[in-house]
Amino acid sequence: MSCRIVVLISGSGSNLQALIDRMDRTQSEIVAVLSNRADAFGLQRAHAAGIETRVLNHREFPDRLSFDRAMIQALDAFAPDLVVLAGFMRILSGEFVTHFHGRLLNIHPSLLPKYKGLDTHARALEAGDTEHGATVHFVTEELDGGPIVLQAGVPVLAGDTPTLLAARVQEQEHRMYPLVVDWFASGRLRLMEGHAQLDGQRLGPTGLRLDNMETDMRGTRDA
Ligand code: GRF
C-alpha cells in the first residue's frame with residue numbers, strides 16, 4: 001500500500017520539488033500540499049505536478065490553536081500516513097504535534113542541536129564554524145528538538161555569505177529529505193518510545209550522517 005503524504009510549505013518549495021521528483025520511484029504519493037501563504041511558489045510546483053493544494057491563511061484565525069485545529073481538519077481529510085514540513089514557517093501547537101505524533105517530519109537548516117530557530121546560516125558564519133549543514137527529524141513539542149534521523153554536513157568556505165552557505169546546505173537537503181521520506185514510506189523508519197528507529201535499530205542522539213553513509217556505500221561498491 002502506498003504511503004499517503006501531505007507536504008506543508010510557506011515558500012519556494014524546493015524541498016517539495018525534490019520529493020515530487022522522486023515520487024514515481026517510491027512507495028509513496030504526495031496527496032496534497034498545504035500552504036499558509038497563497039503566494040508560496042511551492043503551490044505552483046504542486047499544480048504543475050497535478051497535486052491538490054490547500055491554502056489556510058493563519059492571519060484569518062484569532063490564535064495559533066484555532067489555526068492549528070483548522071489545519072488538522074484540512075489534513076485529516078487527506079488521511080495522511082505522513083506529514084512533511086518543508087519550509088513551513090509557523091510554530092506548531094502541542095495539539096497539532098500530538099495529533100500527528102510519529103508521522104510528522106521536519107527539515108531544519110543546521111546541524112541540530114546547534115542553531116534552533118531562524119537565521120541559522122548567518123549564525124553559523126558569525127560563530128566562525130568550519131562546518132554547517134541540515135537535519136531531518138521527527139517533530140515533537142520542543143521546537144527543532146525532536147529525535148534526529150539524518151544529518152548532512154557542508155564545509156563553510158572563505159568568503160561565504162548566508163546566501164552562498166544556504167545554497168550549499170540546500171543541495172544536501174534535496175538529497176536527504178527524499179531518502180528519509182522513502183525510509184518512512186517503506187516502513188523502515190519509525191518513532192518508538194521517543195527515539196528514531198531505522199530497521200529496528202535505535203538511532204543515536206544526532207541520527208545518521210549522509211556523508212558517512214555515502215562513504216560506506218562507496219566502500220561496498222569498490223570492494
Ligand atoms: C529549507 O532550508 C529548510 O531547511 C527550512 O526551510 C527551507 C525551505 O526551503 N525548514 P524550500 O521552501 O524547500 O526551498
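Counting starts at 1 for both ligands and their atoms, in listed order.
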- What is the ring orientation for His132 with His121, classed by angle as parallel under 30°, tilted 30 to 60°, or perpendicular over 60°? perpendicular
- Message: Using a 4.0 Å cut-off on heavy atoms, what residues surround ligand 1? Order them by chain and number.
- Response: Ser12, Gly13, Ser14, Asn15, Gly87, Ile107, His108, Pro109, Gln170, Glu173
- Query: Any ion pair linking Asp160 and Arg168 (charged N to carboxylate O, less than 4.0 Å)?
  - Reply: yes
- Message: For Asp129, give me all partners under salt bridge (Lys or Arg N to Asp or Glu O under 4.0 Å), at least two apart in sequence or on another chain.
- Response: Lys114
- Sequence neighbours excluded, which residues qualify as side chain to side chain contact (heavy atoms under 4.5 Å, CB included) partners of Asp76? Ile72, His99, Phe100
- For Pro178, enumerate each residue passing the side chain to side chain contact (heavy atoms under 4.5 Å, CB included) test, keeping only those at least two apart in sequence or located in another chain. Ala18, Leu19, Arg22
- Query: Is the shortest distance from a Lys or Arg side-chain nitrogen in Arg54 or Glu52 to a carboxylate oxygen in the other one below 4.0 Å?
  - Reply: yes
